[in-house]
Engineer: 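Let me begin by handing over the structure; questions about it come next.
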Protein chains: 2
Amino acid sequence: MSITIKDVARQAGVSIATVSRIVNGQKGYGEKTKERVLKTIEELGYTPNAIARGLVGRETKSIGVLLPKLSGLFASKLLEGMEETARNEGYSLFVCHTDSKEDRAIQDLQVLKEKQVDGIIYASDQLSESQGQMLNSMVCPAVFVSTQSLTHPFPYVKVDDYQAACTGTRYLIEKGHKQIAFIGGSLEDPIAGKPRDEGFRKTMKDHHLKVEESLTAYGDFRFQSGKENFKNILKAEKPFTAVFAVSDEMAAGVLSEAYEQGISVPDDLAVLGYDNTMAAEMAIPPLTTIAQPLEEMGQKAVELILSIRENKGNINKNKIVKHRIIERKSVLERSKTKGLFL
Amino acid sequence: MSITIKDVARQAGVSIATVSRIVNGQKGYGEKTKERVLKTIEELGYTPNAIARGLVGRETKSIGVLLPKLSGLFASKLLEGMEETARNEGYSLFVCHTDSKEDRAIQDLQVLKEKQVDGIIYASDQLSESQGQMLNSMVCPAVFVSTQSLTHPFPYVKVDDYQAACTGTRYLIEKGHKQIAFIGGSLEDPIAGKPRDEGFRKTMKDHHLKVEESLTAYGDFRFQSGKENFKNILKAEKPFTAVFAVSDEMAAGVLSEAYEQGISVPDDLAVLGYDNTMAAEMAIPPLTTIAQPLEEMGQKAVELILSIRENKGNINKNKIVKHRIIERKSVLERSKTKGLFL
DNA sequence: TCCTTTTACGTAAACGTTTACTCTTTTTAA
DNA sequence: TTAAAAAGAGTAAACGTTTACGTAAAAGGA
């Protein structure tokens, strides 16, 4: 059995209320008492019980985080940002790996509710109807990061996917590329899939460029998906000089497949990524990519939770964070890259 | 204010003890009562309060995990394994990013103690003396994963680093390589640094091969470190045909530097990695590497915690898990690779 | 000096559960 | 039938805190 506030109180010859006040830095005790109690705490090695605190104070200083995938550079960078901020504010993080499975996410939400978390961060995945209902039924605030929901208007932190895709496409075009392949996310994904596709198409159109449908493909943001989709695109044997893959992992897949087929990047083909995870840095050649400020997003997400807890009456808290191009080595000017099937 | 067991009891016309028993699937109530209570629970949308449970039952169904770095493929894969097992056993994970900083780890341990976690997993980092003392003072079990401590004998789950390094070195030698560069971890690191170095040297010696000191370097397992160390090794201009880097990230670093210097892997040089994270898969060329079964290690670590909680009197619980070579494309036979400075 | 305010505590209730004891009532066994 | 056992349920104490309220003494003000 461990040392409780009672033991401290008895040993120091005061009431538990006094110990509590001292521990919590409130006032209502004399200087000598304080010192005596502090010494006793030290001697006994007393540690307050956060569970008991949580029960009476009705806050647990913990936040639940739902991530579709833990083992990737994207999620882990996001998590690092959240952890840093949470720590500084005295909060801990429960992490849940939903694997994009409906039932897992529901289970997670249920558990987090029972564990009385002070907030929930739902990251980079689509929200189903029943998840949305659960989220609504929670007493704690919930925010989205790197995603949002059209039907359930929780505050979110994300980049403007549409604009980011425009930026990327424009970058390629300004480098002189005209025939551009595109590997996007699922078009059924209204948050990260569709808007990027739209951004790409809109920008192409604005520059009077045609998008060749056999040069477009849609995957799931993963390495394998990038690799396979690029293989399919190559099968079409249509001319192109650049490919825009909307995640670094997919871009790495493109690089990998290109390598296998003896296609040299950037000499034969330009490749543009998206995210700016470490995958972009480690790639060969290092990937030029659209950066999402993942750590900042994680930080903002927990700040958002915290600010909602304070001003219960909150204004619209959505935060659009800025994307930007990180130029590395995978994109050259059109004139310096040969292109494929020309 | 949310619905409590009292509300359910009142509404259903029974005592809270009965509700509790029904919720927890114990016995001591009639079939009709059970149905009535269950219906009431459904209607009211009652959710048990795990904090209150934790207070009386003195278990919180949560486990704390300390990781030196969150944002890497290594940690996140490990985490994924832990999460999966924890979830299946009804546990949640608090993740803490120590950043290998003494004070952060101490703070984390303190918080986890206050939050009354049921176990602690200390991952892939060296344990300092004061951390060891804190760990000892915790009431819950603690285990190491992918590390261990010589001075604080907590149970651990890891591969045999010495043997794994032997395996890797032997693999290279069996492929006919004789002049092998080595990029290790810090020699001050008695767990993951020194043993791998020793395994490398021992195996070289056993095969009557000389290790050329200017072809060895020691880093911190990260990409940049691999890159820079390889650059230094090249400066020595000593002949060699293979390099063994003891993390995939560092191996990716050598690939990256090799690419910049126009060295072709595997045609000019063989590269062997360690870990088998996604970095190995995504690398160009895909890395042949020593696999650590990270997910399995994560799983075993939480299983270990759980089993210690049950049989309080526990035997020696250390678990050495098996490493193995994953052959991909970065190592060819000596006869097929040109080598450098020959 | 006397009254008022402040300081320094202590008491006890609450937070939402679980569970050891009760006490009936019903079932079982002989 | 009747005693014993089992089933069905309630009461209340505990878990370790925080905090509203009370009270006596000390300090302050005139």
Side-chain angles (χ1 to χ4, degrees), chain A residues 1-38 40-41 44-62 90 110-118 139-140, chain B residues 1-38 40-41 44-62 90 111 113-118 139-140:
Chain A
M1 199 64 14
S2 44
I3 308 295
T4 76
I5 202 173
K6 281 185 199 163
D7 301 314
V8 176
R10 184 166 356 98
Q11 178 86 5
V14 297
S15 76
I16 60 169
T18 299
V19 178
S20 175
R21 283 189 278 255
I22 291 173
V23 168
N24 294 294
Q26 295 166 333
K27 50 183 183 173
Y29 46 82
E31 192 57 33
K32 299 110 56 94
T33 316
K34 176 178 173 183
E35 273 168 30
R36 183 156 33 93
V37 168
L38 253 22
T40 314
I41 286 177
L44 265 39
Y46 166 70
T47 302
N49 182 326
I51 296 297
R53 269 186 179 162
L55 185 56
V56 35
R58 37 186 72 294
E59 69 167 5
T60 54
K61 296 281 182 187
S62 55
Q110 179 65 30
V111 168
L112 293 174
K113 189 174 184 181
E114 294 186 4
K115 294 226 164 103
Q116 315 288 125
V117 293
D118 295 338
V139 292
C140 68
Chain B
M1 197 63 18
S2 43
I3 308 295
T4 75
I5 202 173
K6 281 185 199 163
D7 302 313
V8 176
R10 186 168 353 99
Q11 179 84 5
V14 297
S15 74
I16 59 170
T18 299
V19 178
S20 175
R21 284 189 278 252
I22 291 172
V23 168
N24 294 293
Q26 297 164 332
K27 50 184 184 171
Y29 46 84
E31 191 57 31
K32 298 110 56 95
T33 316
K34 175 178 174 185
E35 273 169 30
R36 184 155 35 93
V37 168
L38 253 22
T40 314
I41 286 177
L44 263 40
Y46 165 71
T47 302
N49 182 326
I51 297 297
R53 268 185 181 164
L55 186 55
V56 35
R58 38 186 68 308
E59 70 166 4
T60 55
K61 295 283 180 186
S62 55
V111 169
K113 189 173 181 179
E114 293 187 5
K115 294 225 164 104
Q116 315 289 125
V117 293
D118 295 337
V139 293
C140 68

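Naming convention: chains lettered A, B, ... in sequence-line order (proteins, then strands); numbering from 1 in each chain. These values consider heavy atoms only, across backbone and side chains, with no hydrogens, waters or symmetry-generated copies.
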Engineer: For dT17(D), does either OP1 or OP2 sit under 4.0 Å from a side-chain N or O belonging to Tyr46(A)?
Structural biologist: yes

Engineer: Side chains of Leu44(A) and Gln11(A), heavy atoms from C-beta outward: is any pair under 4.5 Å?
Structural biologist: yes

Engineer: I need the CD1-P distance between Ile22(A) and dA8(C), as an integer number of Å.
Structural biologist: 11 Å

Engineer: Does the pair Arg53(A) and Asn24(A) meet the rule for a side chain to side chain contact (heavy atoms under 4.5 Å, CB included), with working shown?
Structural biologist: CA-CA 11 Å; Arg53(A) 269 186 179 162; Asn24(A) 294 294; 3.4 Å; yes

Engineer: Closest to the Val56(B) side chain: dT18(C), dT17(D), dA9(D)?
Structural biologist: dT18(C)

Engineer: Does Gly57(B) reach a base, just sugar-phosphate, or nothing at all? Heavy atoms under 4.0 Å.
Structural biologist: nothing

Engineer: Can you find a side chain N or O atom of Thr33(B) that sits less than 4.0 Å from OP1 or OP2 on dA9(D)?
Structural biologist: yes

Engineer: Taking any heavy-atom pair under 4.0 Å as a contact, classify Ile16(A): base, sugar-phosphate, or nothing.
Structural biologist: base

Engineer: Just call it for Ser20(A): base, sugar-phosphate, or nothing, with non-hydrogen atoms closer than 4.0 Å on any strand.
Structural biologist: base

Engineer: Phosphate oxygens OP1/OP2 of dG10(C): is one of them under 4.0 Å from a side-chain N or O of Thr18(A)?
Structural biologist: yes

Engineer: List the atom of Thr47(B), the atom of Glu114(A), and the distance in Å for their closest heavy-atom pair.
Structural biologist: CG2-CG, 3.3 Å

Engineer: How close do Lys61(B) and Asp118(B) get, heavy atom to heavy atom, and via which atoms?
Structural biologist: N-OD2, 2.6 Å

Engineer: For Thr47(B) and for Gly28(A), locate the closest nucleotide of DNA chain C by heavy-atom distance; then report the residue assigned to the nucleotide nearer the 5' terminus.
Structural biologist: Gly28(A)

Engineer: Please assess Arg36(A) against Val14(A) for the test side chain to side chain contact (heavy atoms under 4.5 Å, CB included), listing each intermediate value before the final yes or no.
Structural biologist: CA-CA 10 Å; Arg36(A) 183 156 33 93; Val14(A) 297; 3.9 Å; yes

Engineer: In whole angstroms, how far is the P atom of dG16(C) from the NZ atom of Lys113(A)?
Structural biologist: 15 Å

Engineer: Quick check on dC15(D): is either OP1 or OP2 less than 4.0 Å from any side-chain nitrogen or oxygen of Asn49(A)?
Structural biologist: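 Answer is no, no contact under 4.0 Å.
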
Engineer: Any idea which heavy atoms bring Ser15(A) and Ala9(A) closest together, and the distance?
Structural biologist: C-CB, 3.8 Å

Engineer: Grab the CG-C1' distance between Asn24(A) and dT17(D) for me, whole Å please.
Structural biologist: 9 Å

Engineer: Round to the nearest Å and state the distance from Lys32(B) atom NZ to dG8(D) atom P.
Structural biologist: 10 Å

Engineer: Kindly point out which of dG16(D), dG10(C), dG10(D) is positioned nearest to the side chain of Val14(A)?
Structural biologist: dG10(C)

Engineer: Taking the nucleotide of DNA chain C with the nearest heavy atom to each, does Arg21(B) or Ala52(B) sit closer to the 5' end?
Structural biologist: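 Final value for this comparison: Ala52(B).
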
Engineer: Between Arg36(B) (CZ) and dG8(D) (C1'), how many Å, whole number?
Structural biologist: 12 Å

Engineer: Report the distance from atom CD1 of Ile51(B) to atom C1' of dA14(C), rounded to the nearest whole Å.
Structural biologist: 17 Å

Engineer: Are OP1 or OP2 of dG16(C) and a side-chain N or O of Arg58(A) less than 4.0 angstrom apart?
Structural biologist: yes

Engineer: For the pair made of CD in Glu31(A) and P in dA8(C), what is the distance, rounded to whole Å?
Structural biologist: 9 Å

Engineer: Expressed in angstrom and rounded to an integer, what is the separation of Lys6(A) atom NZ from dA12(C) atom P?
Structural biologist: 14 Å

Engineer: Is Ser15(B) close enough to dG10(D) that one of its side-chain N or O atoms is under 4.0 Å from OP1 or OP2 there?
Structural biologist: yes

